[in-house]
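Here's the structure we're looking at; comments come further down.
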Amino acid sequence: YAPWCAACQQIELTWESFAKESEHIGITVGKVDVTQEPGVSGRFFVTTLPTIYHANDGVFRRYRGSRTLEDLQGYVLERKWKAVEPVAGWRSPSSIMMHGMAGLFHLSGWIRQIHSYLTGTLGIHVWISYAIFFLATLLLGLFLGL
């Protein structure tokens, strides 16, 4: 979820109720703020918000059903998740490819922080910051090419 997402705000009370009831049905319910954890959104290949996953024994399935408390509980209690195709192996959050994707999301956040530092704290013009990143990319490419 993301705090600014209207759909996430609509499901928030239902999700909190589901989390409270989860102890009674023997599951753990959590939520991740993708603005604070960009690597997780990369690892799970989050393209829409909110995105709900069911995980059991290392197998991940994306929940696409109704977002009522009854339907969320029914998905687990009635084992409806068994009818849902698991996330493909290469797209699984535990795969090497998704670890790399998470790394790219972390890298983009790091680059954004450096850009903010250069332009906000040091007062460098935006285009000069872009030129610095361009030169750094060029030099890194030349270095790796050697």
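Just so you know, residue 1 is the first one in the sequence shown, and it goes up from there.
To the nearest 0.5 Å, atoms CD1 (I124) and CG (L118) are separated by 4.5 Å. Annotation: the span from S22 atom OG to L72 atom CG amounts to 11.5 Å, rounded to 0.5 Å. Atom-to-atom distance recorded for F18:CZ and I11:CD1 is 9.5 Å, nearest 0.5 angstrom. Note: F45 CZ to F60 CZ = 16.0 Å, rounded to the nearest 0.5 Å. The distance from the OG atom of S116 to the CD1 atom of I111 is 12.0 Å, given to the nearest 0.5 Å. Distance check: L140 CG to L135 CG gives 12.5 Å after rounding to the nearest 0.5 Å.
For T35, the side-chain hydrogen bond (donor to acceptor under 3.5 Å, both in side chains) partners at least two apart in sequence or on another chain are D33. Applying the side-chain hydrogen bond (donor to acceptor under 3.5 Å, both in side chains) rule to T68 yields the partners D71; only residues at least two apart in sequence or on another chain are considered. Partners of T48 under the side-chain hydrogen bond (donor to acceptor under 3.5 Å, both in side chains) rule, at least two apart in sequence or in another chain, are R62. Evaluation of the salt bridge (charged side-chain N to carboxylate O under 4.0 Å, His left out) rule for E16 yields K31 as partners, not counting sequence neighbours. For the side-chain contact (heavy atoms from CB on, under 4.5 Å) test, residues two or more places apart in sequence or in another chain that qualify with V46 are S41, F44, L49, T51. Under the side-chain hydrogen bond (donor to acceptor under 3.5 Å, both in side chains) criterion, H106 pairs with no residue, sequence neighbours left out. Checked against side-chain contact (heavy atoms from CB on, under 4.5 Å), Q9 has no partners two or more places apart in sequence or in another chain. Evaluation of the ring-ring contact (aromatic ring centres under 6.0 Å, His included) rule for Y1 yields no partner, not counting sequence neighbours. E70 pairs by the salt bridge (charged side-chain N to carboxylate O under 4.0 Å, His left out) definition with nothing, not counting sequence neighbours.
L107 and I132 end up in the same hydrophobic cluster when Ile, Leu, Val, Met, Phe, Trp and Tyr side chains are linked at under 4.5 Å. In the hydrophobic clustering of ILVMFWY residues, with side-chain heavy atoms under 4.5 Å counting as a link, I27 and Y63 come out together. Connection of Y117 to I128 is established within a shared hydrophobic cluster, with ILVMFWY side chains joined at heavy-atom distances below 4.5 Å, either directly or through further cluster members. Transitive grouping of hydrophobic side chains (ILVMFWY, heavy atoms separated by less than 4.5 Å) brings W15 and I25 into a common cluster. Tracing side-chain contacts under 4.5 Å through hydrophobic residues (I, L, V, M, F, W, Y), one reaches F133 starting from L122; they form part of the same cluster.
Residue L146 belongs to no hydrophobic cluster, having no ILVMFWY side-chain heavy atom closer than 4.5 Å to its own. Think of W127 as one node in a network of Ile, Leu, Val, Met, Phe, Trp and Tyr side chains linked at under 4.5 Å; its network also takes in V126, Y130.
Closest of all the heavy-atom pairs between S129 and H115 is OG-ND1, 2.7 Å. The nearest pair of heavy atoms linking A2 to V34 is CB-CG2, 4.2 Å. Closest non-hydrogen pair, P50 versus A7, comes out as CD-CB, 3.7 Å.
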Apply side-chain contact (heavy atoms from CB on, under 4.5 Å) to the pair R67 and I52, showing each step before the final yes or no.
CA-CA 10 Å; R67 294 179 178 166; I52 300 173; 4.2 Å; yes
Sequence neighbours excluded and cut-off under 3.5 Å, please list the side-chain donor-acceptor pairs for residues 74-86, or say none.
from, atom 1, to, atom 2, distance (Å)
E78, OE1, K80, NZ, 3.4

